[in-house]
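Residue numbers begin at 1 in each chain, while the letters A, B, ... track the order of the sequences.
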There are 2 protein chains.
Amino acid sequence: MFSKTCEYGLRAVIFIALESNVDKKVSITAIADAIESPQAFTAKILQQLTKNKIVQSIKGPNGGFFIDDKSLKTVALSNIVAVLDGDAIYTGCGLGLHQCNDKKPCPLHFKFVEIRENLKKMLESTTLFELATDMNLKEYFLKN
Amino acid sequence: MFSKTCEYGLRAVIFIALESNVDKKVSITAIADAIESPQAFTAKILQQLTKNKIVQSIKGPNGGFFIDDKSLKTVALSNIVAVLDGDAIYTGCGLGLHQCNDKKPCPLHFKFVEIRENLKKMLESTTLFELATDMNLKEYFLKN
DNA sequence: AAAATAAAAGACAAATTAATCCTTTATTGT
DNA sequence: ACAATAAAGGATTAATTTGTCTTTTATTTT
Ligand code: FES
Ligand code: FES
């Protein structure tokens, strides 16, 4: 479904969101440990997300990654996926045609678009704030 | 969503199904041309599908690929995806946890499982026969 | 100012996926 | 039997994704 980059990215951001919710910044070491991902690789991913204003970062002692209150409420999972995997998942043809198109549909088009739209809506409607608060109520895991 | 292998495989099989519906066999050249895919690569994919009894093949003049009437009715898209991409798409965690599990769910689990199940059901309920007859009624495309 | 900390940046390396090319095997028609 | 046809099989190459390692830049504490 998603690339490894995107999987690690989503997990990392969710973890940062959780900590940001209690005003903590987290280092790349702490993140890689919490989500059980290759540290250097995860650092690269967070670099991209920082450039794209999904997360914020501060260098030096007591620095680290965090997400400001506004972003926490406005950033949805769809935004993260768009940055890391592009929008093929939102607009691409399930059978790999160059153009997904109602007028020139592949045999799976109408069935596939339905699934794709549901996925899109789900990602768009899931904000970091929702996930962060939800994780305080129920037990969820970012590694296993 | 699917690998290139799977995309080409699905398109190829749908094309073969269409032709088999009118008792025609098709060569790898005709297939690659019809679905606009790299010929040698598509040949490899069909080799796998032949081994897994999704399609049948006959060598030599007047040979080619085809799908027998029984397979046409019993083979669903889910079977093709399973052969070419494995079942990660049916059982894997959306955030890439090693194990997707109701008891130790990732933060996206319950929302993601719903999407995943819908995709699974769609693929399971779409048979080659349905696609082949459907394509005779409405205009669908296997390339663009 | 110097040392320590932590992310950013850049250059590589490894692994996987996508794709090609060449040879072999099976089948058919002449 | 022989030439032609078409898939099967094997080896190789190319491209992309995944992952590592080292250096640089920014910030803070002493
Ligand atoms: S054309 Fe294939 S999904 Fe739209
Ligand atoms: S644990 Fe992540 S989808 Fe089930």
Inset, instruction - List in chain and number order the residues that pass side chain to side chain contact (heavy atoms under 4.5 Å, CB included) with B:Lys138, two or more places apart in sequence or in another chain; answer none if no residue qualifies. - result: A:Phe110, B:Tyr140
Inset, instruction - Could you pull out all residues at least two apart from B:Glu124 that satisfy side chain to side chain contact (heavy atoms under 4.5 Å, CB included)? - result: B:Ser78, B:Lys120
Side-chain donor-acceptor contacts of residues 27-37 of chain B below 3.5 Å, not counting sequence neighbours, with atom names and distances?
from, atom 1, to, atom 2, distance (Å)
B:Ser27, OG, B:Thr29, N, 3.4
B:Ser27, OG, B:Ala30, N, 3.1
B:Ser37, OG, B:Thr42, OG1, 2.6

Inset, instruction - Could you identify which residues of residues 80-95 of chain B place a heavy atom less than 4.0 Å from some atom of DNA chain C, listed by residue number, or say none? - result: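 Hits under 4.0 Å, by residue number: none.
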Legend entry - For DNA chain C, the residues among residues 37-59 of chain A that have a non-hydrogen atom under 4.0 Å from it: A:Lys44, A:Gln47, A:Thr50, A:Lys51, A:Ser57, A:Ile58, A:Lys59
Legend entry - Selection: residues 9-30 of chain B, any non-hydrogen atom under 4.0 Å of DNA chain D: B:Val26, B:Ser27, B:Ile28
Legend entry - Terminal contacting nucleotides, 5' and 3', DNA chain C versus chain B (heavy atom, 4.0 Å): C:dA18 to C:dG29
Inset, instruction - State which residues pass ring pair (Phe, Tyr, Trp, His ring centres under 6.0 Å) with A:Phe41; sequence neighbours excluded, sorted by chain then number. - result: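 A:Phe41 satisfies ring pair (Phe, Tyr, Trp, His ring centres under 6.0 Å) with A:Tyr8 only.
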Any donor-acceptor pair under 3.5 Å from [X] side chain to [Y] backbone:
{"X": "B:Asp85", "Y": "B:Ser3", "result": "yes"}
{"X": "A:Asp134", "Y": "B:Pro107", "result": "no"}
{"X": "B:Asn144", "Y": "A:His98", "result": "yes"}
{"X": "B:Asn118", "Y": "B:Ile115", "result": "no"}

Inset, instruction - State which residues pass side-chain hydrogen bond (donor to acceptor under 3.5 Å, both in side chains) with A:Thr91; sequence neighbours excluded, sorted by chain then number. - result: none
Legend entry - Residue list, side-chain hydrogen bond (donor to acceptor under 3.5 Å, both in side chains) with A:Thr126, at least two apart or on another chain: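 Partners of A:Thr126 by the side-chain hydrogen bond (donor to acceptor under 3.5 Å, both in side chains) criterion, ordered by chain and then number, come out as B:Lys111.
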Inset, instruction - For B:Leu119 and A:Leu119, run side-chain contact (heavy atoms from CB on, under 4.5 Å): C-alpha distance rounded to whole Å, both residues' side-chain angles, the deciding distance at 0.1 Å, then the answer. - result: CA-CA 10 Å; B:Leu119 174 63; A:Leu119 174 62; over 6 Å; no
Kindly list each side-chain donor-acceptor pair under 3.5 angstrom involving residues 55-68 of chain B, sequence neighbours excluded, with atom names and distances?
from, atom 1, to, atom 2, distance (Å)
B:Gln56, OE1, B:Asp68, N, 2.8
B:Asp68, OD1, B:Lys70, N, 3.3
B:Asp68, OD1, B:Ser71, N, 2.7
B:Asp68, OD1, B:Ser71, OG, 2.9

Inset, instruction - Whole angstrom is fine here: how far is it from CD1 in A:Ile35 over to P in D:dG19? - result: 11 Å
Inset, instruction - Let me know the distance between CD of A:Glu7 and C1' of D:dT18, rounded to the nearest Å. - result: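 Nearest whole value for this atom pair: 12 Å.
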Show the atom names and distances, to 0.1 Å, of all donor-acceptor pairs under 3.5 Å that link a side chain in residues 44-53 of chain B to residues at least two apart or in another chain.
from, atom 1, to, atom 2, distance (Å)
B:Thr50, OG1, B:Leu46, O, 2.6
B:Asn52, ND2, B:Gln48, O, 2.8

